[in-house]
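Just below is one structure, and these are the notes that go with it.
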Amino acid sequence: MPDITTPRSSDDDLTRRLTHARYPRSNHYDVRWVIENQMGPNALWLLEWLAPALGLDALRPCARVLDLGCGRAMTSVFLAREYDVQVTAADLWVKPDENAQRIAEAGFADRVLPVHTEAHALPFAEGSFDAIVSIDAYQYFGTNDLYLPTLTRLLKPGGRIGIVVPAVREEITGVEPPEHLKEYWEPDWWCFHSAEWWRRQWTRSGAVEVETADWQPDGWQDWLLWCDVVAEESPEEFHRDMARRVREAVRADQGRALGFVRLVGRRK
């Protein structure tokens with residue numbers, strides 16, 4: 001069983017490179033474990049940024065949390081370990097058997113339940129969860145005007161939903177990306193929106209009271225650092241190639257347009 005919180009001595013330089021003053025909890029995780037289980041930006045950093053706005057420290061022990069679009073369940077393990085909660089790790093792309101093995105190896109088989117499901121067909125009863133978390137996933141399924149009310153029914157009254165998504169600093173008007181990003185722009189990136197767009201989207205749904213909708217200061221620098229590391233160190237060619245492509249865009253942009261948005265809403 002790998003010790004996910006003990007950096008391997010052979011990775012001392014990499015550990016120092018990724019030790020980040022803003023993410024003290026994440027600093028305790030073995031960097032190789034994080035790299036091997038990543039599926040995009042550093043999800044632990046993004047979750048740690050979300051946590052205080054979502055009030056994770058204030059949740060009662062063993063509160064129920066839905067980790068929606070959990071990928072390889074790295075964020076689910078982090079939630080269980082750092083905040084003493086019970087986590088439902090829901091994902092469409094990663095098989096639950098694979099996540100179950102990863103969760104058990106990390107020592108949290110009794111605290112994290114992997115589920116295979118599509119975000120529009122969640123098999124949970126109303127009021128099942130104290131909180132819902134989604135890191136680098138909600139943009140793929142949650143931009144529809146009607147989605148949030150169907151999702152927040154799963155929250156207990158007063159429960160919170162919190163997301164972090166790749167975003168644009170200012171909403172893009174028209175049908176063309178910013179001139180300096182045209183050669184890098186991917187069609188999927190049209191799901192990137194500004195903090196104010198997300199605030200309006202959630203407010204007018206009537207499902208939640210928006211408590212936080214903000215842009216991450218210098219988030220692009222974290223993104224660029226992480227892309228550099230993944231491009232060099234990921235064991236999977238697909239992720240190395242993706243990191244190189246994203247790195248080119250983020251480096252060319254220098255924070256003018258690309259970054260991350262944090263959004264928290266409380267069920268009315």
Side-chain angles (χ1 to χ4, degrees), residues 43 46-71 75-76 78-80 82-92 111-113 115 117-171 191-217 219 259-268:
L46 298 179
L47 178 53
E48 194 164 350
W49 179 49
L50 174 66
L54 188 58
L56 288 178
D57 278 317
L59 288 176
R60 59 181 172 81
C62 297
R64 296 192 63 196
V65 177
L66 172 62
D67 187 3
L68 184 57
C70 68
T75 48
S76 303
F78 187 90
L79 285 163
E82 300 296 327
Y83 302 104
D84 195 24
V85 294
Q86 293 284 338
V87 185
T88 298
D91 200 79
L92 176 65
R111 305 274 292 284
V112 181
L113 174 67
V115 174
T117 185
E118 204 278 326
H120 295 85
L122 298 173
F124 309 116
E126 183 169 346
S128 293
F129 299 101
D130 297 282
I132 297 173
V133 170
S134 185
I135 303 297
D136 185 29
Y138 193 89
Q139 71 275 14
Y140 294 122
F141 49 75
T143 57
N144 184 288
D145 290 345
L146 303 179
Y147 182 70
L148 186 64
T150 66
L151 176 62
T152 52
R153 70 175 182 81
L154 304 181
L155 282 172
K156 296 177 180 178
R160 288 188 176 101
I161 175 173
I163 69 171
V164 178
V165 290
V168 289
R169 186 184 290 271
E170 301 292 341
E171 197 63 20
C191 69
F192 296 176
H193 293 286
S194 67
E196 285 310 306
W197 186 94
W198 281 111
R199 179 188 292 276
R200 183 178 66 251
Q201 186 82 348
W202 280 23
T203 298
R204 69 186 184 185
S205 76
V208 297
E209 176 186 351
V210 177
E211 297 181 331
T212 302
D214 58 359
W215 174 262
Q216 185 179 39
F260 298 100
V261 158
R262 170 178 65 178
L263 197 66
V264 174
R266 182 189 291 271
R267 182 181 177 183
K268 294 183 177 180

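The shown structure was predicted, so the numbers you read here are calculated from the model rather than taken from an experiment. FYI, side chains are in, hydrogens and waters are out, and symmetry mates aren't considered; it's all heavy atoms of this structure.
Judged purely by atom type and a 3.5 angstrom limit, Asp84 has no side-chain atom pairing as donor or acceptor with the backbone of Pro61. No side-chain donor-acceptor contact under 3.5 Å links Thr152 to the backbone of Leu155. When atom types are taken as modelled, the side chain of Glu209 and the backbone of Arg266 share no donor-acceptor pair closer than 3.5 angstrom. A donor-acceptor pair under 3.5 Å is formed between the side chain of Gln201 and the backbone N or O of Thr143. Looking at Ser128, its side chain never comes within 3.5 Å of a backbone N or O of Leu154 through a donor-acceptor pair.
Note: His193 and Trp197 have parallel aromatic rings, judged against thresholds of 30 and 60 degrees for the angle between ring planes.
Closest non-hydrogen pair, Ala51 versus Tyr83, comes out as CB-OH, 3.2 Å. The nearest pair of heavy atoms linking Leu54 to Ile161 is CD1-C, 3.8 Å. The minimum heavy-atom distance linking Pro166 with Gln139 is given by the pair CD-NE2, 3.4 Å. Nearest heavy atom pair, residue Val65 against residue Phe129, reads C-CD2, 3.8 Å. Scanning both residues, Asp67 and Ser76, for their nearest heavy atoms gives OD2-OG, 2.6 Å. Taking all atoms of both residues into account, the shortest heavy-atom contact from Trp49 to Phe260 is CH2-O, 3.9 Å.
Summarising the geometry, atom OG1 belonging to Thr150 is positioned 7.5 Å from atom CG belonging to Leu122; distances are rounded to the nearest 0.5 Å. A distance of 5.0 Å separates CG in Leu263 from CD1 in Ile163, rounded to the nearest 0.5 Å. Here the CZ-CG distance, from Arg262 to Asp214, works out to 4.0 Å after rounding to the nearest 0.5 Å. Atoms CG and CG, from Leu146 and Asn144 in turn, are 5.0 Å apart once rounded to the nearest 0.5 Å. Note that CZ of Phe192 is 15.0 Å distant from CZ of Arg169, once rounded to the nearest 0.5 Å.
Applying the side chain to side chain contact (heavy atoms under 4.5 Å, CB included) criterion to Pro149, with sequence neighbours excluded, gives Ser205, Ala207. Under the rule for a salt bridge (Lys or Arg N to Asp or Glu O under 4.0 Å), Arg64 has no partner lying at least two apart in sequence or in another chain. Shown here are the salt bridge (Lys or Arg N to Asp or Glu O under 4.0 Å) partners of Glu196, two or more places apart in sequence or in another chain: Arg199. The side chain to side chain donor-acceptor pair (under 3.5 Å) search around Asp57 returns Arg25, not counting sequence neighbours. Under the rule for a side chain to side chain contact (heavy atoms under 4.5 Å, CB included), the partners of Ala80 that lie at least two apart in sequence or sit in another chain are Val87, Phe108, Arg111, Val112.
By the 4.5 Å heavy-atom criterion applied to side chains, Leu47 and Val164 are not counted as neighbours. No side-chain heavy atom of Val133 sits under 4.5 Å from any side-chain heavy atom of Thr75. Side-chain contact check for Phe141 versus Leu151: every heavy-atom pair is 4.5 Å or farther apart.
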- Task: Report the C-alpha distance between Phe78 and Ile135 in whole Å, list the side-chain angles of each, state the deciding distance to 0.1 Å, and finish with yes or no for side chain to side chain contact (heavy atoms under 4.5 Å, CB included).
- Result: CA-CA 12 Å; Phe78 187 90; Ile135 303 297; over 6 Å; no
- Task: Carefully, step by step, assess Phe124 and Thr88 under the rule side chain to side chain contact (heavy atoms under 4.5 Å, CB included).
- Result: CA-CA 10 Å; Phe124 309 116; Thr88 298; 3.8 Å; yes
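Within the structure, salt bridge (Lys or Arg N to Asp or Glu O under 4.0 Å) contacts touching residues 131-160 (residues at least two apart or in different chains) are Asp130-Lys156, Asp145-Arg204, Arg160-Glu211.
No more than 12 heavy atoms of other residues, nucleotides or ligands shown are found within 6.0 angstrom of CD on Glu170.
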